[in-house]
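One structure below.
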Amino acid sequence: MKDYAVDRIRNLALIGHGSSGKTSLAAAWLFATGVTSRLTRVDKGNTVTDYDPDEIERQISINSTPCFLEWKDHKANLIDTPGYSNFLWDTRAALRAVDAAAVVVCGVAGVEVGTEKVWEMIEELQLPRLIIINKLDRENANFRRTLEAVQQFFGRQAVPVQLPIGEEKNFSGIIDLVAKKAVVFEKDESGKFKEEPVPAALKDDVEKRHRELVEMVAESDEALMEKYLDRGELTPEEFQQGLKRAILKRQLFPVFAASALLNIGAQPILDGFIEYLPSPAARGDIAAQVKGADQALKPSPDGPFGALVVKTISDPYTGRISIMRVFTGRVNPDATVTNTSQDTDEKLGGLFFLQGKEQVPAGQAKVGDIVATAKLKATATGDSLSAKGSGIVFPPIHFPEPSISFAIEPKTRGDEDRISQATHRITDEDPTVRIERDADTGQLLISGNGELHVRIITEKLRKRYNVEVDLKPPKISYKETVKGRSDVQGRHKKQTGGRGQFGDVWIKMEPLPRGGDFEFEDKIFGGAIPRNFIPSVEKGILEARKKGVLAGYPVVDFKVTLYDGSYHEVDSSDIAFKIAASKAFKKAMQEAKPTILEPVMNVEVYTPEAFMGDIMGNLNGRRGRVQGMEQKGNMRILKAQVPMSEMLDFEPNLTSITGGRGSFLMEFSHYEEAPAHIQQKVIAEAVKEGRVKPEEED
Ligand SMILES: Nc1nc2c(ncn2[C@@H]2O[C@H](COP(=O)(O)OP(=O)(O)O)[C@@H](O)[C@H]2O)c(=O)[nH]1
Ligand SMILES: [Mg+2]
């Protein structure tokens with residue numbers, strides 16, 4: 001492939017609510033630029049970016065998938081992302097690789113809950129963006145109504161640079177409000193188009209909208225505003241430059257019109273990518289740490305190589321594939337670089353561009369590009385790679401903690417081994433799942449972001465690794481902690497016959513604030529315990545805290561101070577001190593007012609006003625706390641915090657209350673002490689399942 005200088009590259013993510021048409025738009029662009037020889041379709045299962053068998057079967061995007069195209073002497077790297085809440089973690093990671101986003105909105109449904117979620121993400125990352133109102137061929141599609149909704153949600157910076165010609169069955173093209181020309185498409189999905197003068201009937205509206213656009217551009221810059229007020233207009237040059245700058249500074253979000261399905265509007269949007277969105281160079285410096293100090297890195301081709309791994313794919317043939325964005329410098333396909341997040345060296349296993357599942361060899365990876373490499377040994381998603389000795393680390397990617405667990409059972413005994421082999425690869429690709437065995441019940445647990453997520457993981461097990469499993473009812477990931485303080489001794493002594501065992505510790509336990517996890521302080525002075533045994537004490541506590549004394553859940557948010565103890569010249573050992581510490585931990589926890597924490601979710605419900613009362617009632621019955629309510633057009637947005645355990649069957653309830661017109665999204669918020677009656681239930685279940693056993697005696 002041709003070599004593109006950094007100012008001729010565009011990196012953007014396609015984001016939006018599920019089913020708004022992101023994958024179909026990517027298909028239209030790939031066809032328009034000759035990557036595919038025909039228009040591929042989601043319902044035919046032949047798109048470049050939804051190639052995963054699960055994506056094909058369900059006809060939804062589950063993974064962020066890169067592809068690229070060449071258009072008018074530029075290269076655009078697109079990442080097609082999922083819009084469904086269970087998979088938005090992958091969307092968030094993909095956004096770290098790009099310099100801009102294309103936000104796709106359905107011209108029938110308008111702004112949906114997923115639209116707002118992805119919008120929050122690009123706000124957080126301060127990414128420039130354009131908006132595409134898609135599906136304008138559909139019955140009930142309405143560009144103006146959708147535009148109004150977009151402006152209500154995201155502000156008047158959303159300004160059309162196009163208007164549709166016709167709508168629903170009559171949608172046939174667009175008017176370019178910058179150049180004031182019509183682009184009319186053939187209706188045979190060929191994507192062929194002709195440029196024409198603006199139809200007479202639309203002239204007035206086009207003039208008005210053009211003027212609005214010029215005014216918005218003038219408003220974005222003081223110098224331009226002066227010129228505009230002086231002359232009553234801007235030169236084409238001033239307008240173009242001003243528009244581009246306003247988009248880069250996020251003072252303006254240009255709005256486009258399309259029908260991906262009929263292949264109408266693809267090429268003018270491609271022009272928009274190139275003309276309006278920033279190149280990696282224009283986006284500016286990137287925040288990083290260099291040898292421990294904060295530094296804004298220039299996107300320079302000559303600086304030391306620095307890249308961020310945004311995704312890992314476990315490919316049945318190639319093995320591990322790591323997708324990275326190069327933020328500075330360049331690297332060769334066989335280079336050895338440093339994984340600065342883990343402080344270990346990695347040898348790259350080639351460099352290639354991903355076109356969906358296809359790998360296109362890349363000679364070198366250069367600043368601004370998105371490339372993949374294979375066979376890295378230790379590198380995980382979110383790690384930074386940098387030239388040896390240069391010590392560049394980009395801010396890490398934060399992934400949500402799993403909020404729901406299901407026990408699984410292989411249908412065939414003996415498949416257990418295969419599950420553990422697959423586990424490694426699955427968690428490599430998806431840092432938000434955990435597959436672990438419950439030490440007490442022996443059950444295998446899969447934890448993820450929601451039921452759909454967990455179901456898809458079990459399908460992966462079946463399709464890729466040939467293991468059929470039964471999913472048992474979901475489990476909540478409770479945790480345990482302490483509310484009080486305690487001061488105890490833990491002593492392990494076995495000194496009958498042969499070499500004995502002796503360890504003896506005194507510890508204090510106290511609570512830490514929520515999220516404080518665990519701290520260990522060593523206050524041994526004067527050699528009450530020899531220094532070499534102290535790490536064993538900490539290890540013993542770390543192991544013991546995996547199982548709380550109440551219901552066998554992991555223990556969090558506490559501090560242990562080791563302050564005294566004793567030892568025996570011959571009989572003391574690492575293991576003896578580990579056991580002593582573990583005994584001390586249990587006793588300390590019991591005496592420090594142990595309690596159970598439950599996960600609480602942030603829940604956002606979008607609903608027409610009429611159903612608000614019923615939904616509030618329903619959430620109250622689930623121990624929900626309403627945090628706020630907003631009105632956006634004729635939609636109401638209800639924000640509440642609800643314990644996860646109460647939300648498992650919310651979806652069917654919401655559908656029946658709203659007749660399918662409400663949508664909701666939930667994500668983990670925090671852990672909170674569960675009320676007493678819930679704790680009793682959790683403990684009773686733990687006893688029944690054998691998670692907690694009577695204490696063993698010495
Ligand atoms: N009528 C119509 N359907 C569309 C259009 N774009 C996408 N679709 C359909 O909407 C569904 C979801 O599209 P998809 O591209 O998977 O949406 P994504 O979830 O945003 O990637 C598929 O059945 C598409 O065929 C469009 O412009 N018009
Ligand atoms: Mg998709």
Side-chain angles (χ1 to χ4, degrees), residues 12-32 36 38-67 78-88 90-91 94-95 101-119 131-143 146 162 164-174 185-191 255-269 356-357 452 456 663 665:
L12 60 144
L14 277 166
I15 59 174
H17 191 80
S19 241
S20 49
K22 300 175 288 297
T23 302
S24 305
L25 278 165
W29 291 319
L30 293 173
F31 176 50
T36 60
R38 63 201 157 114
L39 186 65
T40 58
R41 288 174 61 131
V42 170
D43 58 2
K44 288 201 181 132
N46 61 358
T47 62
V48 170
T49 56
D50 276 4
Y51 64 82
D52 185 294
D54 285 319
E55 297 182 314
I56 293 171
E57 186 183 317
R58 291 175 189 263
Q59 298 193 8
I60 61 171
S61 304
I62 294 168
N63 304 301
S64 286
T65 302
C67 61
L78 306 180
I79 306 184
D80 181 22
T81 69
Y84 289 96
S85 61
N86 281 199
F87 312 109
L88 283 176
D90 202 16
T91 304
L95 285 167
V103 183
V104 183
V105 180
C106 170
V108 181
V111 175
E112 296 168 88
V113 63
T115 326
E116 256 222 302
K117 277 293 134 189
V118 296
W119 193 273
I131 296 165
I132 302 168
I133 298 182
N134 184 40
K135 298 200 184 184
L136 287 170
D137 64 292
R138 267 182 62 185
E139 204 178 330
N140 289 323
N142 187 318
F143 182 83
T146 309
Q162 297 184 338
I165 305 174
E167 264 173 343
E168 303 179 292
K169 283 199 299 294
N170 298 322
F171 180 54
S172 61
I174 57 106
F185 284 78
E186 300 207 357
K187 288 229 146 177
D188 57 1
E189 300 170 20
S190 67
V255 182
F256 295 77
S259 161
L261 201 68
L262 296 186
N263 198 6
I264 294 178
Q267 296 86 343
I269 302 177
K357 66 176 173 221
L452 179 62
I456 281 174
S663 57
L665 200 135

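In listed order, ligands and their atoms are each counted from 1. No hydrogens, no waters, no symmetry mates; every other heavy atom, side chains included, goes into these values.
Taking backbone and side-chain atoms together, T23 has an N/O/S atom less than 2.8 Å away from the Mg ion (ligand 2). Backbone or side-chain N, O or S atoms of T81 do not reach the Mg ion (ligand 2) at under 2.8 Å.
Side chain to side chain, D188 and S190 meet the donor-acceptor criterion of an N or O pair below 3.5 Å. One side chain, T23 or D80, offers a donor N or O that lies under 3.5 Å from an acceptor on the other.
Some N or O of A260 is nearer than 3.5 Å to an N or O of ligand 1, by distance alone. Among the atoms of R138, none of the N or O lies under 3.5 angstrom from an N or O of ligand 1. Between G21 and ligand 1, a contact under 3.5 Å exists for at least one N or O pair. For a threshold of 3.5 Å applied to N or O pairs, the pair formed by S24 and ligand 1 contains at least one separation below that value.
Nearest protein heavy-atom neighbour of atom 16 (O) of ligand 1: V42 CG2, 3.3 Å.
A distance-only check finds no donor-acceptor pair linking the side chain of K169 to the backbone of E139 [under 3.5 Å].
Within the listing of ligand 1, atoms 5 (C), 6 (N), 27 (O) sit less than 4.0 angstrom from a heavy atom of N134.
For atom 20 (O) of ligand 1, the nearest protein heavy atom lies closer than 4.0 Å.
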